[in-house]
Every structure is written in structure tokens, then in C-alpha cells.
Amino acid sequence: MDEKIILIVEDNADDKELILRAFRKCSIKAKPVVAHDGVEALDYMHCTGLFAGKDEYEMPSLIILDLKLPKVDGKEVLTAIRAHPKFKYIPVVILSSSSEKNDVNECFLLGANSYIKKPIDFRAFMEIVALLVKYWLDYNELPRL
């Protein structure tokens, strides 16, 4: 599959819509897939639950992950992703409203590639989303397995 996929794991409908709107306004070419909680995110990765019929090769090129999620929180999702050999090199960017030192440090210890505090201003939010997608999808080189 040539189309790049970005898995957006976000339970807040307003934040999810801001991310998707930023994708549209910045002409992001990747296909966004939204998981509304940690269980859906892991179901997508493992082709189970709601995503049981998904092609196992439709893996995201980037995961944008919120921390405060229902059912399974973002840190648990990150831990599960990094523990799986097929997923451990997929870039995971934490996009969270928390700037708590403990959250930031723990996410990096768990294997996050980047941690971005959600800006309040939509224009700044759009710029950040466009830059992070451009960097991780267009410029970053991943291991070739």
C-alpha cells in the first residue's frame, strides 16, 4: 500500500476535529484514521475489534497519541506499541494538553519520539500539525526491516 496512514488517537471531539481540519487546510496527503480511545487504537494496530477486517499491512506511518484516553490510557497504548516487534519503529508523537514534567519524562522513557503540548490557538495548532506531519512523513528516515 502506497498511501501513508496517520493514526490519530484522540477522544476529545473538538481536538479530533481540529487535527482533521489542520490536515485539510495544510493539504496533508496521508490518510487519517481516528481511534477514539486506547482500545480502538490497539484494535487498529492488531486488526481486531472494530478493525477486524483491516488489512494487516495497513500500518500507520505516524501515530498521533493523546494521553488522557478512556478505557486504556495513552501511556499504556505507547507501552503496547513499543513492546510489539512490528510496531516499535513507528513514530509516535504525543499531542497532549498536559505539560507535567512527569508525563513528558515518562512518555520519552516509554519510547515516544516527540511530545507536543496542544496549543490553544488554532493557527498555532495548524502550524504544529503541519510541521510534525511533514517532518515524520517526508523527512524522517526509519529503519528498513
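Positions are given from 1 along the sequence. Only this structure's heavy atoms are used, side chains among them; waters, hydrogens and symmetry mates stay out.
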| request: Flag the pair Ser98 / Tyr115 as yes when at least one side-chain heavy-atom distance between them is below 4.5 Å, and no otherwise. | output: yes

| field | Pairs flagged by side-chain hydrogen bond (donor to acceptor under 3.5 Å, both in side chains) wherever residues 119-132 is involved - sequence neighbours left out | value | none

| field | For Thr48, side-chain hydrogen bond (donor to acceptor under 3.5 Å, both in side chains) partners two or more places apart | value | Asp43

| Side-chain heavy-atom pair Leu7, Leu62 within 4.5 angstrom cut-off | no

| From Ile63 CD1 over to Ile90 CD1, what is the distance, rounded to the nearest 0.5 angstrom? | 5.0 Å

| field | Closest non-hydrogen atom pair between Leu137 and Ser61, with its separation | value | CD2-CB, 3.4 Å

| request: Quick one: pull up CE in Met59 and OH in Tyr44 and give me the separation to the nearest 0.5 Å. | output: 6.0 Å

| Which residues satisfy the side-chain contact (heavy atoms from CB on, under 4.5 Å) test with Asp55, sequence neighbours excluded? | Tyr57, Glu58

| With Arg24 via salt bridge (charged side-chain N to carboxylate O under 4.0 Å, His left out) - residues at least two apart | Glu17

| query | Mind checking what makes side-chain contact (heavy atoms from CB on, under 4.5 Å) contact with Ala112, not counting sequence neighbours? | reply | Leu78, Ile94, Cys107

| request: Kindly determine whether Val34 and Glu10 satisfy side-chain contact (heavy atoms from CB on, under 4.5 Å), including the steps that lead there. | output: CA-CA 7 Å; Val34 177; Glu10 177 61 68; 5.6 Å; no

| remark: Hits for side-chain contact (heavy atoms from CB on, under 4.5 Å) against Ile116, two or more places apart or cross-chain, chain-then-number order -> Val93, Leu95, Ser114, Ile128, Leu132

| salt bridge (charged side-chain N to carboxylate O under 4.0 Å, His left out) against Asp15, all qualifying residues, sequence neighbours excluded | Lys118

| Among all residues two or more places apart in sequence or in another chain, which pass the side-chain hydrogen bond (donor to acceptor under 3.5 Å, both in side chains) test with Lys117? | none

| field | Arg82: side-chain hydrogen bond (donor to acceptor under 3.5 Å, both in side chains) partners, not counting sequence neighbours | value | Asn113

| query | With Phe87, which residues qualify under ring pair (Phe, Tyr, Trp, His ring centres under 6.0 Å), at least two apart? | reply | His46, His84

| Residue pair Ile28 / Ala130: nearest heavy atoms and the distance that separates them | CD1-CA, 4.3 Å

Can you give the donor-acceptor pairs under 3.5 Å from side chains of residues 66-74 to other protein atoms, not counting sequence neighbours?
unit_1, atom_1, unit_2, atom_2, d
Lys68, NZ, Asp103, OD2, 3.4
Asp73, OD1, Lys75, N, 3.0
Asp73, OD1, Glu76, N, 2.9

| For Lys134, what residues pass the side-chain contact (heavy atoms from CB on, under 4.5 Å) criterion, not counting sequence neighbours? | Asp138, Tyr139

| task | Answer whether the closest heavy-atom distance between the side chains of Leu131 and Val133 falls below 4.5 Å. | result | no

| task | Please step through side-chain contact (heavy atoms from CB on, under 4.5 Å) for the pair Val33 and Ile6, ending with a clear verdict. | result | CA-CA 6 Å; Val33 173; Ile6 299 175; over 6 Å; no

| message | Taking side chain to side chain contact (heavy atoms under 4.5 Å, CB included) as the criterion, tell me which of Asp14, Asn12, Ile19, Leu20 meets it with Lys16. | response | Leu20

| note | Output for pair (Cys26 SG, Arg21 CZ), nearest 0.5 Å, gives 10.5 Å

